[in-house]
Amino acid sequence: VNAGFKQGMFFMEDQNNFCFETSECEQLFNIYEENEYMQMPNFVTSDTYLQVAHMYLAYVQKYIEKTQLTSALQLSFEGLMKQARMMSATQKGEEKELLEFVQCFSAVGLNLITDEEVQGLPESIRADYNAETSACRAHSTRPSAFMRVNMFPYELFTPRGHYTRSDEQKRYFHSMMWMQTAQFTSSDELAMKRAMMLALVYNAMSQPCRDAFKNMDSMIEQMMGKSDNVSIIQMADYMRQQGINSIKDVMNKKTR
């Protein structure tokens with residue numbers, strides 16, 4: 001620091017008890033690090049602690065998403081779709097329609113995370129599948145015939161933060177947002193049937209798929225906290241405890 005600038009600093013400190021100095025440091029903690037090397041006393045502020053904590057948590061989140069959650073999310077959607085397809089083969093009428101809803105819901109999430117077309121879907125749900133995958137990538141609020149809402153918040157699917165840094169992170173963000181945003185209203189009878197059928201399919205999946213889904217839910221809860229809404233896993237556990245374990249039970253109005 002040149003002598004003139006130093007005198008200016010001393011003058012400002014004398015007048016105001018503090019002064020500001022520009023820095024080329026990229027992070028707040030770099031300033032404290034430099035002062036440590038120069039043996040200059042630090043006044044440690046809460047913003048430094050919060051920034052370091054945020055950086056650490058962000059790193060942990062990115063690492064877990066890359067190494068654990070991305071594969072678990074894909075496996076969960078694959079398991080739901082395959083199980084619903086198998087169960088629908090012996091059904092007809094409304095029961096078949098509900099299982100095809102689960103297929104479509106899962107296929108949308110699978111397409112978003114893989115960016116690959118899902119093959120073998122029934123023609124009856126192909127239009128809904130195409131509409132939802134396109135709308136999720138358009139990031140513009142619009143009606144959703146599939147979710148039966150006048151305005152679905154597709155703008156929430158706009159990647160932000162570290163999710164903008166790679167195509168893989170963008171795909172994960174889109175798919176996870178679909179999983180968390182596509183909600184079912186308890187006051188809507190059809191919505192409740194759909195949610196119960198989704199939970200029933202979850203309970204019928206293979207153990208590896210259920211474990212992947214449950215572990216993913218547990219990790220997200222530890223990082224983000226508990227959701228305000230009832231999750232599909234909670235509904236599935238409740239249905240299993242209550243003995244609601246067949247398509248017939250889901251269609252029974254008394255169980256809802």
Side-chain angles (χ1 to χ4, degrees), residues 60-89 98-122 125-126 128-130 132-133 136-137 146-147 156-157 159 162-163 165-184 194-227 229-240 245 247 250:
V60 170
Q61 180 181 341
K62 285 183 285 187
Y63 178 79
I64 292 176
E65 287 174 347
K66 183 176 181 180
T67 61
Q68 302 289 329
L69 297 185
T70 298
S71 58
L73 184 59
Q74 181 173 339
L75 182 60
S76 298
F77 279 129
E78 287 175 345
L80 286 169
M81 187 179 67
K82 290 177 181 178
Q83 185 64 38
R85 179 185 296 165
M86 183 175 67
M87 292 169 66
S88 68
L98 291 172
L99 286 164
E100 288 183 346
F101 168 85
V102 178
Q103 285 187 69
C104 188
F105 172 84
S106 308
V108 171
L110 187 58
N111 171 271
L112 293 176
I113 201 167
T114 62
D115 200 26
E116 297 176 358
E117 283 301 316
V118 178
Q119 304 299 321
L121 292 178
I125 61 175
R126 178 62 64 175
D128 283 332
Y129 163 81
N130 289 334
E132 290 301 323
T133 53
C136 289
R137 292 186 173 95
F146 178 67
M147 293 305 299
L156 297 177
F157 288 71
H162 71 270
Y163 297 110
R165 296 178 183 175
S166 71
D167 290 339
E168 181 184 14
Q169 288 171 309
K170 289 177 183 178
R171 292 196 298 270
Y172 168 80
F173 180 84
H174 279 143
S175 187
M176 181 58 74
M177 190 60 67
W178 173 251
M179 174 72 80
Q180 296 179 334
T181 307
Q183 299 178 355
F184 304 91
R194 287 176 166 184
M196 290 179 68
M197 190 64 80
L198 185 55
L200 184 73
V201 172
Y202 166 84
N203 281 336
M205 285 196 305
S206 66
Q207 190 67 45
C209 290
R210 288 202 309 274
D211 288 344
F213 205 131
K214 186 164 287 188
N215 291 339
M216 175 179 64
D217 184 71
S218 177
M219 284 186 280
I220 292 174
E221 183 177 306
Q222 290 183 49
M223 290 190 296
M224 308 297 184
K226 290 186 177 182
S227 172
N229 300 316
V230 176
S231 70
I232 291 299
I233 291 179
Q234 289 173 317
M235 178 173 280
D237 289 342
Y238 177 80
M239 287 170 57
R240 189 166 53 250
N245 50 27
I247 295 175
V250 171

Exercise for the section: On the 0 to 90° scale, with breaks at 30° and 60°, tag the Tyr163-Phe173 ring pair as parallel, tilted or perpendicular. Expected result: tilted

Heavy-atom nearest pair, Met81 first then Leu110, reads CE-CD2, 3.7 Å

Do side-chain atoms of Tyr172 reach the backbone of Leu69 as a donor and acceptor pair under 3.5 angstrom?
no

_Before you tell me yes or no, could you show the steps for Arg137 and Asp115 under salt bridge (Lys or Arg N to Asp or Glu O under 4.0 Å), namely the whole-Å CA-CA distance, both residues' side-chain angles and the distance that decides it to 0.1 Å?_
CA-CA 11 Å; Arg137 292 186 173 95; Asp115 200 26; 3.3 Å; yes

Here the gap from Met216 atom CE to Ile64 atom CD1, rounded to the nearest 0.5 Å, amounts to 13.5 Å

- Query: Counting only N and O atoms by type, is there a donor-acceptor contact under 3.5 Å from the side chain of Ser175 to the main-chain atoms of Gly109?
  - Reply: yes

Practice item. Please assess Phe146 against Phe101 for the test ring pair (Phe, Tyr, Trp, His ring centres under 6.0 Å), listing each intermediate value before the final yes or no. Key: CA-CA 8 Å; Phe146 178 67; Phe101 168 85; 4.7 Å; yes

(Q) Does the plane of the ring in Phe184 sit parallel, tilted or perpendicular to the ring in Phe105? Use 30° and 60° as the thresholds. (A) tilted

Heavy-atom closest pair (Ala212 atom, Ser76 atom, distance to 0.1 Å) is C-OG, 4.0 Å

Closest non-hydrogen atoms of Ala84 and Val102, given as atom of the first, atom of the second and distance, are CB-CG1, 3.8 Å

d(Thr133 OG1, Asp128 CG) to nearest 0.5 Å is 10.5 Å

Report task. Mark yes or no for whether Gln222, through its side chain, and Met219, through its backbone, hold a donor-acceptor pair below 3.5 Å. Result -> no

(message) Go through it in stages, so that I can follow the logic: the residues are Ser218 and Glu221, the test is side-chain hydrogen bond (donor to acceptor under 3.5 Å, both in side chains), and I'd like the CA-CA distance, side-chain angles, deciding distance and then a yes or no.
(response) CA-CA 5 Å; Ser218 177; Glu221 183 177 306; over 6 Å; no

Tightest non-hydrogen contact, residues Met205 and Gly79, listed as SD-C, 3.3 Å

On a heavy-atom basis, the closest approach of Leu73 and Ile113 is CD2-CD1, 3.7 Å

**Lys82 atom NZ: more than 12 heavy-atom contacts under 6.0 Å** = no

Shortest non-hydrogen pair, Lys214 vs Ile233, comes out as CA-CD1, 3.7 Å

Review point. When you measure from the side chain of Asn111 to the backbone N and O of Glu116, does any donor-acceptor pair fall under 3.5 Å?
Key: yes

Hits for salt bridge (charged side-chain N to carboxylate O under 4.0 Å, His left out) against Arg165, two or more places apart or cross-chain, chain-then-number order -> none

Here the gap from Met239 atom CE to Ile232 atom CD1, rounded to the nearest 0.5 Å, amounts to 9.0 Å

- Task: Could you label the plane-to-plane angle of the Trp178 and Phe157 rings as parallel, tilted or perpendicular, counting under 30° as parallel and over 60° as perpendicular?
- Result: tilted

Checklist entry - Does the side chain of Thr114 come under 3.5 Å of the side chain of Gln74 through a donor N or O and an acceptor N or O? => result no

Using modelled atom types only, decide if a donor and an acceptor are shared between the side chain of Arg171 and the backbone of Leu112 within a distance under 3.5 Å.
-> no

Taking atom types as modelled, is there a side-chain donor on Gln61 or His162 under 3.5 Å from an acceptor on the other? no

Main-chain N/O of Arg240 paired to Asn245 side chain as donor or acceptor, under 3.5 Å:
no

